[in-house]
Amino acid sequence: MTDEILKTTPLNAAHRALGARMVGFGGYDMPVQYEGVLAEHRWTREHAGLFDVSHMGQCRITGEDATAQFERFVPGDYAVLKAGRQKYSLLLNAEGGIMDDLMAGRPDHDGLYVVVNAGNKDADFAFLKANLAGDAKLTVLSDRALIAIQGPEAAEVMAAHEPVLAEFGFMDCARLVLFGVDCFVSRSGYTGEDGYEISVPNADAERIWNTLLKDARVKPIGLGARDSLRLEAGLPLHGHDIDPSTSPVEGALTFALSKSRKERADFNGADRILKELADGPSRVRVGLSVKEGAPAREGAEIADMDGTVIGNVTSGGPSPTLGRNIAMGYVPPEFAELGTDLKVIVRGKPAAAEVVAMPFVAQRYYRKPKA
């Protein structure tokens with residue numbers, strides 16, 4: 001039991017009207033499922049799933065110094081990011097640990113639009129407000145909701161409302177009038193599927209949500225399926241698979257380290273991160289196929305073939321797409337090679353597991369053909 005008073009998103013009444021099972025998540029009252037996690041997972045893989053992600057934190061960082069100041073705390077090269085593009089990055093502490101993972105882009109020419117995780121947003125915003133210098137200004141967009149539509153039919157659904165959205169490629173973004181209101185839209189998401197994230201005014205969120213649900217290709221999807229989808233896609237969940245003690249190298253997120261930034265070494269924790277790139281980290285995130293027994297969930301121990309515990313599972317569960325159990329966790333680099341046989345300890349019993357490539361299920365982001 002908890003006495004925590006949960007916050008609500010502008011779509012709370014809509015979820016309850018649809019019969020959603022509600023749970024506390026990130027301090028918010030959120031839908032975990034509507035008709036069932038398995039059915040919702042499969043619907044998103046085959047059609048278009050609609051997600052309320054309004055609990056996430058949205059902000060703008062503006063001013064002449066916005067990009068240079070933001071780059072002090074992230075390892076991505078935002079100085080060269082063109083208007084209309086966004087990228088995934090990591091908010092790093094002074095030790096090179098991941099305070100949060102985030103999306104930041106240029107939907108227009110007015111600085112950066114940033115989305116951070118729900119459970120970290122207050123700390124993230126406080127950190128940025130305290131540390132941004134010059135004329136860089138943080139504006140928290142608490143008056144906006146965030147809706148994600150994901151799946152192979154998402155593009156056709158959205159193009160029916162705004163044809164230009166069909167021309168977007170993965171990580172394209174824009175500020176435009178959609179559903180009659182000012183929106184930030186990106187072709188992105190955290191399910192491994194093609195789709196869009198749409199930032200809308202709070203007052204219009206329920207109308208837009210219901211408008212999208214009128215399309216027979218669209219169904220509402222809860223946090224349960226969102227979690228199984230992102231696990232299949234090999235995407236880390238902050239606070240579980242990565243945290244402030246984890247470096248980008250340990251977290252297998254080196255793609256977020258821009259070459260130019262590594263050369264300049266001018267971001268938080270650069271010394272540690274560059275040393276780990278050169279010498280190797282003490283642990284690394286890997287994917288595991290669990291070959292027998294019950295699912296290996298967060299906290300389960302990982303052991304070598306002699307039974308010596310070498311690490312822990314950070315996320316795990318059944319894969320509806322693959323029909324077997326999968327997991328992510330941390331092991332020393334010498335046990336991270338693909339094909340390495342390991343064991344996971346579930347309810348005191350060892351079960352066979354194998355290190356496999358991530359993503360477990362191929363990501364299907366839409367990338368425009370090169371001219």
Side-chain angles (χ1 to χ4, degrees), residues 75 88 90 92-93 95-99 101 190 192 227-257 262 269-363:
Y88 174 88
L90 306 165
L92 301 174
N93 59 30
E95 293 75 39
I98 302 170
M99 297 169 58
D101 58 342
Y190 217 62
D227 190 57
S228 58
L229 287 160
R230 70 91 197 164
L231 175 60
E232 287 188 342
L235 301 172
L237 180 63
H238 196 274
H240 301 264
D241 306 296
I242 52 176
D243 61 36
S245 72
T246 315
S247 77
V249 184
E250 292 175 328
L253 297 170
T254 54
F255 69 88
L257 309 175
K262 288 187 287 186
D271 289 347
R272 171 192 176 183
I273 291 167
L274 295 176
K275 187 176 189 304
E276 289 182 351
L277 285 171
D279 302 336
S282 61
R283 58 175 182 160
V284 65
R285 181 171 64 97
V286 296
L288 297 171
S289 174
V290 181
K291 297 181 176 181
E292 59 187 5
R297 301 192 184 275
E298 182 177 3
E301 294 177 325
I302 303 170
D304 64 16
M305 296 305 289
D306 294 326
T308 302
V309 174
I310 58 171
N312 289 90
V313 169
T314 53
S315 284
S319 164
T321 304
L322 299 175
R324 55 182 168 84
N325 294 324
I326 58 175
M328 293 190 288
Y330 282 83
V331 298
E334 58 267 30
F335 294 97
E337 186 175 344
L338 298 182
T340 300
D341 289 322
L342 297 171
K343 297 177 182 179
V344 291
I345 313 300
V346 181
R347 298 173 192 152
K349 296 180 180 180
E354 178 186 351
V355 177
V356 296
M358 294 186 289
F360 301 96
V361 175
Q363 296 166 347

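Note that the numbering runs from 1 along the sequence shown for the chain.
- No hydrogens or angles considered: nothing links the side chains of Thr246 and Arg285 as a donor-acceptor pair under 3.5 Å.
- The backbone N or O of Ala233 lies less than 3.5 Å from a partner atom in the side chain of Gln363, making a donor-acceptor pair.
- The closest side-chain heavy-atom distance from Val355 to Phe335 is not below 4.5 Å.
- A distance of 8.5 Å separates CZ of Arg347 from CZ of Arg297, quoted to the nearest 0.5 Å.
- No more than 12 heavy atoms of other residues, nucleotides or ligands sit less than 6.0 Å from atom NZ of Lys275.
- Shortest non-hydrogen contact noted between Ser319 and Ile326 is CB-CD1, 3.8 Å.
- You'll find the side chain of Ile273 reaches within 4.5 Å of the side chain of Leu92, heavy atoms only.
- Side-chain contact check for Pro359 versus Arg230: every heavy-atom pair is 4.5 Å or farther apart.
- A distance of 9.0 Å separates OG of Ser245 from CG of Asn93, quoted to the nearest 0.5 Å.
- Judged purely by distance below 3.5 Å, without hydrogens or angles, the side chains of Thr308 and Asp306 never pair a donor atom with an acceptor atom.
- Between the Tyr190 side chain and the Pro236 main chain, a donor and an acceptor come within less than 3.5 Å of each other.
- The shortest non-hydrogen separation linking Met358 to Gly234 is SD-CA, 4.2 Å.
- The two residues Leu338 and Ala357 make their nearest non-hydrogen contact at CD2-N, 3.5 Å.
- The environment of Asp271 atom CG is sparse: at most 12 non-hydrogen atoms of other residues, nucleotides or ligands sit within 6.0 angstrom.
- Side chains of Glu301 and Asn312 form a contact here, defined as non-hydrogen atoms less than 4.5 Å apart.
- With rounding to the nearest 0.5 angstrom, the CD1 atom of Ile302 is 7.0 Å from the CG atom of Leu342.
- Under 4.0 Å is where a charged nitrogen must lie from a carboxylate oxygen, and between Glu292 and Lys349 no such pair does.
- Looking at Lys262 and Thr254, their side chains never come closer than 4.5 Å, going by heavy atoms from C-beta outward.
- Closest approach of Ile345 and Ala303 over heavy atoms only: CD1-CB, 4.4 Å.
- Within the model, atoms CD1 of Ile242 and CG of Leu253 stand 5.5 Å from one another, a figure rounded to the nearest 0.5 Å.
- Formation of a donor-acceptor pair under 3.5 Å by the Asp241 side chain with backbone atoms of Met328 is not found in this model.
- Of the possible donor and acceptor atoms, none in the side chain of Glu276 sits under 3.5 Å from a partner among the backbone N and O of Ser247.
- Ion pairing of Glu95 with Arg272 is absent here, as no side-chain N (NZ or NE/NH1/NH2) approaches a carboxylate O to less than 4.0 Å.
- Between the CG atom of Asn325 and the NZ atom of Lys291 there is a distance of 13.5 Å, given to the nearest 0.5 Å.
- The minimum heavy-atom distance between Pro318 and Pro320, with the atom names listed, is O-CD, 3.3 Å.
- The line from OG1 of Thr340 to CD of Glu334 is 10.0 Å long, rounded to the nearest 0.5 Å.
- Lys343 approaches Asp304 most closely through the heavy-atom pair CD-O, 4.0 Å.
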